[in-house]
Amino acid sequence: MTTLASGTTASSSGQNGLARDALTVLQPGFTGTTAPDWLLRRLGEGLAAVGLFGRNIASPEQLAALTAQLRAERDDVLVAIDEEGGDVTRLEVRAGSSYPGNHALGAVDDVELTREVASALGHRLAACGVNLNWAPSADVNSNPDNPVIGVRSFGADTDLVARHTAAYVTGLQSAGVAACTKHFPGHGDTAVDSHHALPRIDADLSVIEARELAPFRAAIAAGTRAVMSAHILVPALDPDRPATLSRRILTSLLREELGYDGLIVTDGMEMQAIAGTYGIERGSVLAIAAGADAICVGGGLADDETVRRLRDALVTAVRTGELPEERLADAAERVRALARWTAAASAAPSPAERADVGLVAARRALTVTRAPSYEPVGAAPFVAAFTPVANIAVGDETPWGVAAELARLLPGTETGSFAGEGAATAALAAAGPRRVVAVVRDEHRHPWMAAALDTLLGERPDTIVVEMGIPQAPPRGALHIATHGAARVCGRAAAEVIAGE
């Protein structure tokens, strides 16, 4: 008799295999910059994948040592990360990304540049031992009020999103890093963040097929090795269950109609769209039954207890007949198949890439509008950052803006962060007589931010405005720069224009 950690018993090697398959389909996270003992033990028991977050990364050298530690326990482990570049970065969580995000690449609309940026990012990940990237976002940002996608999307045009999604998949996978195209069947037309609640898309089936699904078709044609499901309700496809838990969406649509044969990964199961409705154990069972192959968890719940709970939930579901054993075995085999692909792909030679491709792309992405009265900045300015609350996907630990880069070009530059009703008054008082550079992020979504700019420009019409989100509001200010994202390189590109370089 073999005793599982939950206290249940397995009476045969088949039951041991069942527990092993249940571990194989999990993609958990952990805390710290070295692998804890419990994680190494689980790798020995069958865990086949680990998810990394910003909390796990201090430097490229430390990350390489961490992934080597994981591979010493299991040489075919899938090491996954949420590294979109742009606003969502884990590799450079404390500095800001060296690569612009999707919206900036979509603004340039050069598919070869997108491929090159994705390839460069992929080679950086591969050098650190990461072989699965939960990217790119293939969402069509058709709703400008979307609080969670925004600049993570290539844009609002379906064809543009489709061609750049395909280019990104091709570039990333040329580096031996598996792409995980997300968030199926499309998270762009939502006004709710699925980290907090269950979003709903009420578009007609014809719209869903023509708009949301087109980029995923392009990703599948480009050979994406993984697809991530969205925690969204799409009544035209399934009126009862969110996509992550829907057999109609994951099996009938994605597998059978679209012909996708790779790994299906869930979005984070601790997100409230699932955790607050079905719970993570029941949600995980339903997801695997619906056709998902891997359960992503670990952004918020990052401990051995979570792994044990999910493993035991899957084992129990098989034993009670709720989850067919063949479905779990099929899911586990798809995980192992992806691991085999990454092992083979990692041997591919690394082509030469432009070291500064991220900055080149960020410069090309700028949209600059100068008023006739614009006068160049002649002395160190004051940077007023009007700062919204960061969404969970982006996080609030990653710096953004232009102040740091502008201070390098114009020594003496100072900055402050302002929010809410009195933001403009406080910014003017802090700036004193200095020229003001106002930095905003999605002005069109934040009435207080638009009001602050009204007041600021009324008092100081020579103010420079830098929009680092979606440039939905009309350009205004003596100089208006739309960066199409808040990556560090986007801030540098804007600072170069302000400083006259």
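Under a 4.0 Å N-O distance rule, the pair Arg308/Asp304 does not qualify as a salt bridge. Under the 4.0 Å criterion applied to side-chain N and carboxylate O atoms, Arg248 and Glu257 are not assigned as salt-bridge partners.
Considering only residues two or more places apart in sequence or on other chains, Val151 meets the side-chain contact (heavy atoms from CB on, under 4.5 Å) condition with Asp87, His103, Ile470. Residues forming a side-chain hydrogen bond (donor to acceptor under 3.5 Å, both in side chains) with Arg163 (at least two apart in sequence, or on another chain): Asp109. Taking Thr114 as the reference, Leu105, Phe154, His164, Ala167, Tyr168 meet the side-chain contact (heavy atoms from CB on, under 4.5 Å) condition, with sequence neighbours excluded. In this structure Ala214 satisfies the side-chain contact (heavy atoms from CB on, under 4.5 Å) test together with Thr158, sequence neighbours excluded.
Residues Thr31 and Pro36 share a closest heavy-atom pair of O-CD, 4.5 Å. Counting all heavy atoms, side chain and backbone alike, Pro215 lies closest to Val140 at CG-CG2, 3.8 Å. Residue Ala226 comes nearest to Thr224 through the heavy atom pair O-OG1, 2.9 Å, listed as atom of the first residue, atom of the second, then distance. The shortest heavy-atom contact between Thr306 and Val297 is CG2-CG2, 3.9 Å.
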List the steps, then state whether side-chain hydrogen bond (donor to acceptor under 3.5 Å, both in side chains) holds for Thr387 with Arg441. CA-CA 7 Å; Thr387 309; Arg441 208 166 178 176; over 6 Å; no
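No hydrogens or angles considered: nothing links the side chains of Thr89 and Glu84 as a donor-acceptor pair under 3.5 Å. Checking Ser246 against Asp238 by side-chain atom types alone, a donor-acceptor pair falls below 3.5 Å. Using a 3.5 Å distance cut-off with no hydrogens or angles, the side chains of Ser252 and Arg247 do not pair a donor with an acceptor. Side-chain contact, Thr34 with Gln69: no donor N or O sits under 3.5 Å from an acceptor N or O.
Rounding to the nearest 0.5 Å gives a distance of 7.0 Å between CZ of Arg211 and CD1 of Ile201. Interatomic distance, CG of Asn141 versus CD1 of Ile149, reported as 7.0 Å (0.5 Å rounding). To the nearest 0.5 angstrom, Trp38 atom CH2 is 9.0 Å from Leu43 atom CG. Between the CD1 atom of Ile295 and the CE atom of Met269 there is a distance of 5.0 Å, given to the nearest 0.5 Å. The CZ atom of Arg90 sits 11.0 Å away from the CG atom of Leu52 when rounded to the nearest 0.5 Å. Between atom NE2 of residue His231 and atom OG1 of residue Thr244 there is a gap of 4.5 Å, rounded to the nearest 0.5 Å.
Here side chain to side chain donor-acceptor pair (under 3.5 Å) pairs that include residues 43-56, with residues two or more places apart or in two chains, are Arg42-Glu45. The list of salt bridge (Lys or Arg N to Asp or Glu O under 4.0 Å) pairs with a residue in residues 280-302, not counting sequence neighbours, reads Arg255-Asp293, Glu281-Arg309, Arg282-Glu322, Asp293-Arg327, Asp293-Arg334.
The side-chain contact (heavy atoms from CB on, under 4.5 Å) test with Gln27 is passed by exactly one of Val79, Leu47, Val265: Val265.
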